[in-house]
Number of protein chains: 2
Amino acid sequence: MARRSDHSRDEIREMALSAVEELVSKKGYEGLSARKVAAAIGYTVGTLYLVFENLDDLVVQVNARTLDRLNLQMMEAVGEIGDDRQRLMSLGQSYIRFAEEDPHLWEMVFKHRVPRNGQLPAWYQEKVSRMFAQVERCLKPIAGHKTPGEIAQAARALWGGVHGICILAVTGKLGGVGVESVPDLAESLLINYLDGFTGSRNP
Amino acid sequence: MARRSDHSRDEIREMALSAVEELVSKKGYEGLSARKVAAAIGYTVGTLYLVFENLDDLVVQVNARTLDRLNLQMMEAVGEIGDDRQRLMSLGQSYIRFAEEDPHLWEMVFKHRVPRNGQLPAWYQEKVSRMFAQVERCLKPIAGHKTPGEIAQAARALWGGVHGICILAVTGKLGGVGVESVPDLAESLLINYLDGFTGSRNP
DNA sequence: AAAATTAATTAAACAACGTTTAATTATGGG
DNA sequence: CCCATAATTAAACGTTGTTTAATTAATTTT
């Protein structure tokens, strides 16, 4: 059969993205394959290649959705009011919770390396930057008379740090320490860094 | 032909490990394949499977060697004398230099997820722990009256942090900031964290 | 309404992959 | 010299990403 038009191009796209999310979420990145995705949505690989450039393209687009969800969850967690330091803590714990709730999907965002050109699209970079922007926004009120450049640097150092702790925990490379202590480690990192950054110890 | 015995089992093992190192170093983890390794050492895949359990086993053993080299380089960098904080800085810069000099090989250590059982061998975990032990040793003299548990936590938080910054930089996800600023970011992380950890600002 | 065009979908092919199997072939001891 | 042993390979299997040509349904044209 052909030209069934049971689903529009966008519908197929949506179905494929969801199928990948479910597959990766359950079996991990290495359990993913074009044929499995196609079978899951009731089509053949050929149809998949009509909608997506290739499998890497499909993965990048799923990663984009994951980043969007992460950004949303962090935005909800940080809220508007409250102690500035406490808001940064919430931001960190929110990041960790996201990674714990769906480790495979979260891991794929950072495990995946683009194949040919080696450069991620600009709209993708923008989603990453949005995450750092949230940290910078929380950092600004307690940064004293630090320059914007210093704040940007602090945001990246801090969030790289939180991210690294998550990665090592998820891949079992924290040296005997399990996943359960990740929030404690991140809290230690945030508290001590902020103490140093602001030059004052918090109550 | 068969039973050439041109090389002993251990020699083939050594040749294979070196071949993987060269392949991954040049083409990255995704450019690796059993057949390429076999061809590089002048044998067939079958011989490879006589010496190694499977390709994952081969990768794990290469990762072990990479971790050994990393540990060695860090040990040389930290030295014995000098300011305690400065030694921690050297440790961090040494880690970063290692990741920059051979990003693909370094990345494979943390990208690779064991397949079936999902658990890394004990001797592998021990190599990871040795790295944290170096950090703890440097941390101890400036830790005041912190407990060993607190020092262990600080070491993991700090090194998770340095590692995360490296990962984000190598995978191009630092949000517009390039690899060149990694040392600065790590220095920011270390200085501010240590300021908070010791409760005193350094000169 | 029938025919011709267009486009969606598939089946089949390709090369490469990890891994296993059976068949070879060189070496050692009798 | 032959036989048993063990090293090595060739070939096979199932799966992978991707491309190709063929098929088929819907749309347009006559």
Side-chain angles (χ1 to χ4, degrees), chain A residues 1-17 19-20 22-24 26-63 104 108 111-118, chain B residues 1-17 19-20 22-24 26-63 104 108 111-118:
Chain A
M1 65 206 93
R3 188 113 169 196
R4 301 199 315 227
S5 291
D6 287 353
H7 308 95
S8 74
R9 246 172 160 74
D10 273 349
E11 281 174 329
I12 293 182
R13 189 187 117 90
E14 180 62 30
M15 286 158 56
L17 292 179
V20 171
E22 181 158 342
L23 269 172
V24 172
K26 285 185 179 167
K27 303 282 182 180
Y29 177 49
E30 12 282 327
L32 180 69
S33 91
R35 281 173 174 86
K36 285 182 192 167
V37 175
I41 66 173
Y43 280 86
T44 321
V45 268
T47 306
L48 227 47
Y49 279 82
L50 205 74
V51 180
F52 299 95
E53 201 177 329
N54 49 35
L55 199 65
D56 282 300
D57 178 30
L58 179 47
V59 168
V60 167
Q61 305 217 30
V62 169
N63 283 346
H104 285 133
M108 187 168 73
K111 188 185 284 197
H112 189 253
R113 201 72 169 265
V114 237
R116 268 298 288 114
N117 49 25
Chain B
M1 66 206 92
R3 188 116 168 196
R4 300 200 314 228
S5 291
D6 286 352
H7 308 94
S8 74
R9 245 173 160 75
D10 273 351
E11 282 174 328
I12 293 182
R13 189 187 117 90
E14 180 62 31
M15 285 158 51
L17 292 178
V20 171
E22 181 157 342
L23 269 172
V24 172
K26 285 186 179 166
K27 303 284 182 178
Y29 176 48
E30 10 283 326
L32 179 68
S33 90
R35 283 174 172 85
K36 285 183 193 168
V37 175
I41 67 174
Y43 280 87
T44 320
V45 269
T47 305
L48 226 48
Y49 279 82
L50 205 75
V51 181
F52 299 95
E53 201 177 330
N54 47 36
L55 198 65
D56 283 300
D57 178 30
L58 179 47
V59 168
V60 167
Q61 305 216 31
V62 169
N63 283 346
H104 285 132
M108 188 169 72
K111 189 185 284 196
H112 188 254
R113 199 78 166 264
V114 237
R116 267 300 289 115
N117 50 25

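All figures in this text were calculated on a predicted structure; none of them were measured in a lab. Order of the sequence lines fixes the chain letters, A, B, ..., with proteins taken first and strands second; residue numbering starts at 1 for each chain.
Counting to the nearest Å, the C1' atom of C/dG18 and the NE2 atom of B/H112 are 12 Å from each other. Separating the NZ atom of A/K36 from the P atom of D/dT18 is a distance of 15 Å, rounded to the nearest angstrom. Across the protein-nucleic acid pair, A/D6 atom CG and C/dA8 atom P stand 13 Å apart, rounded to whole Å. Rounded to whole angstrom, the span from the CG atom of B/L50 across to the C1' atom of C/dA23 amounts to 15 Å. In this entry the distance linking CG of B/L48 with P of D/dA7 reads 15 Å, nearest Å. Put simply, NZ on B/K27 is 15 Å from P on C/dA16, counting in whole angstrom units. At whole-Å resolution of the value, NE2 in B/H7 and C1' in D/dA6 are 18 Å apart. Rounded to whole Å, the distance from CD on A/E30 to P on C/dC17 is 18 Å.
In this structure B/R9 satisfies the side chain to side chain donor-acceptor pair (under 3.5 Å) test with no other residue, sequence neighbours excluded. In terms of the side-chain contact (heavy atoms from CB on, under 4.5 Å) criterion, residue partners of B/E22 (sequence neighbours excluded) are, by chain and number, B/K26. Partners of A/E14 according to the salt bridge (charged side-chain N to carboxylate O under 4.0 Å, His left out) rule, which considers only residues two or more places apart in sequence or in another chain, are A/R65.
Between the side chain of A/S8 and the backbone N or O of A/E11, at least one donor-acceptor pair lies under 3.5 Å.
Residue pairs meeting the salt bridge (Lys or Arg N to Asp or Glu O under 4.0 Å) criterion with at least one partner in residues 30-45 of chain B, sequence neighbours excluded, are B/E30-B/K111.
When heavy atoms are screened at a 4.0 angstrom cut-off, B/L58 is found touching no nucleic acid atom at all.
Recorded end-axis angle for the helix from C/dA1-D/dT30 to C/dG30-D/dC1 stands at 30°, based on five pairs per end and rounded to 10 degrees.
With rounding to the nearest 0.5 angstrom, the OH atom of B/Y49 is 6.5 Å from the CG atom of B/N54. Taken to the nearest 0.5 Å, the CG atom of B/L58 stands 9.0 Å off from the CZ atom of B/R13.
Between C/dT10 and A/T47, a contact under 4.0 Å exists linking OP1 or OP2 to a side-chain N or O. Within the structure, every side-chain polar atom (N or O) of A/Y43 is placed at least 4.0 Å from both OP1 and OP2 of C/dT10. Between B/R9 and D/dA6 there is no side-chain N or O to OP1 or OP2 distance below 4.0 Å. In this structure, A/T44 does not reach the C/dT9 phosphate: none of its side-chain N or O atoms is under 4.0 Å from OP1 or OP2.
Residues B/V59 and B/V20 have side chains not in contact (no heavy-atom distance under 4.5 Å, counting atoms from C-beta outward).
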Subject >> Evaluation steps, side-chain contact (heavy atoms from CB on, under 4.5 Å), between B/F52 and B/T47 >> reply: CA-CA 9 Å; B/F52 299 95; B/T47 305; over 6 Å; no
Would you list the protein and nucleotides 19-22 of chain C atom pairs, both N or O, that sit under 3.5 Å from each other?
residue, atom, partner, partner atom, Å
C/dT19, OP2, B/Y49, OH, 2.5
C/dT19, OP2, B/L55, N, 3.0
C/dT19, O5', B/Y49, OH, 3.1
C/dT19, O4, B/R35, NH2, 3.4

